[in-house]
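To keep things clear, I will list the structure first and then write my remarks on it.
As the structure is a prediction and not an experimental result, all values here were calculated from the model.
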Amino acid sequence: MRGRVVLTVVGVDGSPLHPDATAALAHAEVVAGAARYLHLAPAGAERVAMGPVDAALDALDGRRGVVLASGDPGFFGIVRLLRARGHEPVVLPARSSVQRAFARIGRPWDDVAVVSAHGRALGPAVNVCRARAATAVLTAPGAGPAEIGAALQGWERTLVVAEDLDGPDERVTTVTPHEAAGRVWRDPNVVLCLRDPDAVPGTAWIAGGPPRPGGWALPDDAFAHRAGMVTKSEVRALALARLAPAPGALVWDVGAGSGSVGVECARLGAAVVAVEHRPDDAARVRENAAAHGVDVRVVEGQAPAALAGLPQPDAVFVGGGGPDVVAAAAATGAARVVVALAALDRLAPTRDALHAYRVEGVQLAASRLADLPGGSVRLAATNPILLLWGEL
């Protein structure tokens, strides 16, 4: 059967090759890989530089072949693609670039989210950097340190860029996002994105850090708020379901108030920008984010003007502001826009502002249990809220 036994994938990290890798190369009919690795091929083997991947893989079919790949080829590497084409390769991994980069700075990496922008859209990788305290990004030309740095301006981050690890031009540089955006970097490289490069990571029991505890739609008193100005948990539960926050997504919380919706989106892994014009409420958003151990970027200003220049969102929650704010949210092209309304007269103009979306809505009128003297309970009504959502 095609590709079985005869195909070996060899990881390269600058250290001497494993004897099994040397033996596989000695008997190879064809060797494929990045041009910088092809000097390892024996004189009699066909050499195929891996630019267009499909052409290189075609050359391997039915032949004794070796693929030379950087680091661990089973970690965001060529092994997945080979398996998809029906190969069952023998894999001889080396140390991954992420492993080596963190070793260079002497930091553990079991708490680190690892994302790839190699052959993929950069946006989701950047959003993980915006959301997480520690992220490693596998880069590519056009999706490297400069592009990542430009996208992270406005977030408090430090970038460690490791270029040409174990190569003749190895260099490990610590920069701000702004500095990274203004430089030219050597390929290949890997980027470590750290909120606090001097912090000692806590104990991790699962790679990438533990999942957020406690579910979602937290009690209202889980958030500091001004005189009850907090999106109630019943409303928040449905809003979160429609916003669909997840790692790799960016959510705007506009008219954030206490920031309860934005904080909950961040707890579920999304990157979050909270927009709030009141300085005291903006301070509460920061307080609530810190209390729940998440990172929320707070922009102080009045929407819609304050929305100008913010990075493209995947979803927007509008908790405060009129139809002009909803229209500005819709103009971003976000896949989902969710609006909470207390005033019924805003229903029609809000629907009009969402004309490009498929719009649905519901009135939420919850009654909560409340204690009465003598141990009895009654139902205490919360203020009804109209929740609208538009989906593209």
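- Sorted by first and then second residue, the pairs that involve residues 221-231 and meet side-chain hydrogen bond (donor to acceptor under 3.5 Å, both in side chains), not counting sequence neighbours, are R226-D281.
- T176 is listed as a side-chain neighbour of E179, based on a closest heavy-atom distance under 4.5 Å.
- Note on residues 49-59: pairs passing side-chain hydrogen bond (donor to acceptor under 3.5 Å, both in side chains), not counting sequence neighbours, are D58-R85.
- Of the possible donor and acceptor atoms, none in the side chain of R107 sits under 3.5 Å from a partner among the backbone N and O of I105.
- Of the possible donor and acceptor atoms, one in the side chain of H18 sits under 3.5 Å from a partner among the backbone N and O of D20.
- Counting heavy atoms from C-beta outward, C193 and L152 have side chains that approach closer than 4.5 Å.
- In this structure, the side chains of V377 and L372 stay at 4.5 Å or more apart for every pair of heavy atoms.
- Residues S70 and P188 have side chains not in contact (no heavy-atom distance under 4.5 Å, counting atoms from C-beta outward).
- Within the structure, salt bridge (Lys or Arg N to Asp or Glu O under 4.0 Å) pairs that include any residue of residues 317-335 do not occur (at least two apart or interchain).
- Considering all non-hydrogen atoms of both residues, R236 and L218 come closest at NH1-O, 2.6 Å.
- At least one donor-acceptor pair under 3.5 Å links the side chain of D314 to the backbone N or O of L250.
- Not one N or O on the side chain of N288 forms a donor-acceptor pair closer than 3.5 Å with the backbone of G259.
- A salt bridge between E88 and R83 is absent, with no side-chain N of the basic residue lying under 4.0 Å from a carboxylate O of the acidic one.
- Pairs engaging residues 129-143 under the side-chain hydrogen bond (donor to acceptor under 3.5 Å, both in side chains) rule: N127-R130, T139-N189 [sequence neighbours left out].
- Side-chain contact between D253 and V275 is absent, with no heavy-atom pair separated by less than 4.5 Å.
- Scored by the salt bridge (Lys or Arg N to Asp or Glu O under 4.0 Å) test, E276 finds no partners at all (sequence neighbours excluded).
- Annotation: side chain of R297 is in contact with side chain of P311 (closest heavy-atom distance under 4.5 Å).
- Shown here are the ring pair (Phe, Tyr, Trp, His ring centres under 6.0 Å) partners of H292, two or more places apart in sequence or in another chain: F223.
- The environment of R351 atom CZ is sparse: at most 12 non-hydrogen atoms of other residues, nucleotides or ligands sit within 6.0 angstrom.
- Within the 4.5 Å cutoff, the side chain of D72 has no heavy atoms near those of the R95 side chain.
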List the atom pairs, donor and acceptor, that lie under 3.5 Å between side-chain atoms in residues 334-346 and the rest of the protein, sequence neighbours left out.
{"residue": "R336", "atom": "NE", "partner": "L243", "partner atom": "O", "Å": "2.9"}
{"residue": "R346", "atom": "NH1", "partner": "G321", "partner atom": "O", "Å": "3.3"}

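- In this structure E360 satisfies the salt bridge (Lys or Arg N to Asp or Glu O under 4.0 Å) test with no other residue, sequence neighbours excluded.
- Legend: ring-ring contact (aromatic ring centres under 6.0 Å, His included) pairs involving residues 227-254, not counting sequence neighbours: none detected.
- Counting heavy atoms from C-beta outward, V316 and P313 have side chains that approach closer than 4.5 Å.
- For residues 148-159, the salt bridge (Lys or Arg N to Asp or Glu O under 4.0 Å) pairs, not counting sequence neighbours, are R157-D295.
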Anything under 3.5 Å between a donor and an acceptor, one on a side chain of residues 158-167, the other on a protein residue two or more places apart or in another chain? List them.
{"residue": "E163", "atom": "OE1", "partner": "R171", "partner atom": "NE", "Å": "2.7"}
{"residue": "E163", "atom": "OE1", "partner": "R171", "partner atom": "NH2", "Å": "2.9"}
{"residue": "E163", "atom": "OE2", "partner": "R171", "partner atom": "NH2", "Å": "3.3"}
{"residue": "E163", "atom": "OE2", "partner": "R186", "partner atom": "N", "Å": "2.7"}
{"residue": "D164", "atom": "OD2", "partner": "D169", "partner atom": "N", "Å": "2.7"}
{"residue": "D166", "atom": "OD1", "partner": "R104", "partner atom": "NH2", "Å": "3.0"}
{"residue": "D166", "atom": "OD2", "partner": "R100", "partner atom": "NH1", "Å": "3.0"}
{"residue": "D166", "atom": "OD2", "partner": "R104", "partner atom": "NH2", "Å": "3.4"}

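- Taking a 6.0 Å sphere around CH2 of W216, one finds it holds 12 or fewer heavy atoms contributed by other residues, nucleotides or ligands.
- Among pairs with a residue in residues 366-392, those fulfilling salt bridge (Lys or Arg N to Asp or Glu O under 4.0 Å) read D220-R368, E234-R368, R358-E391, at least two apart in sequence or across chains.
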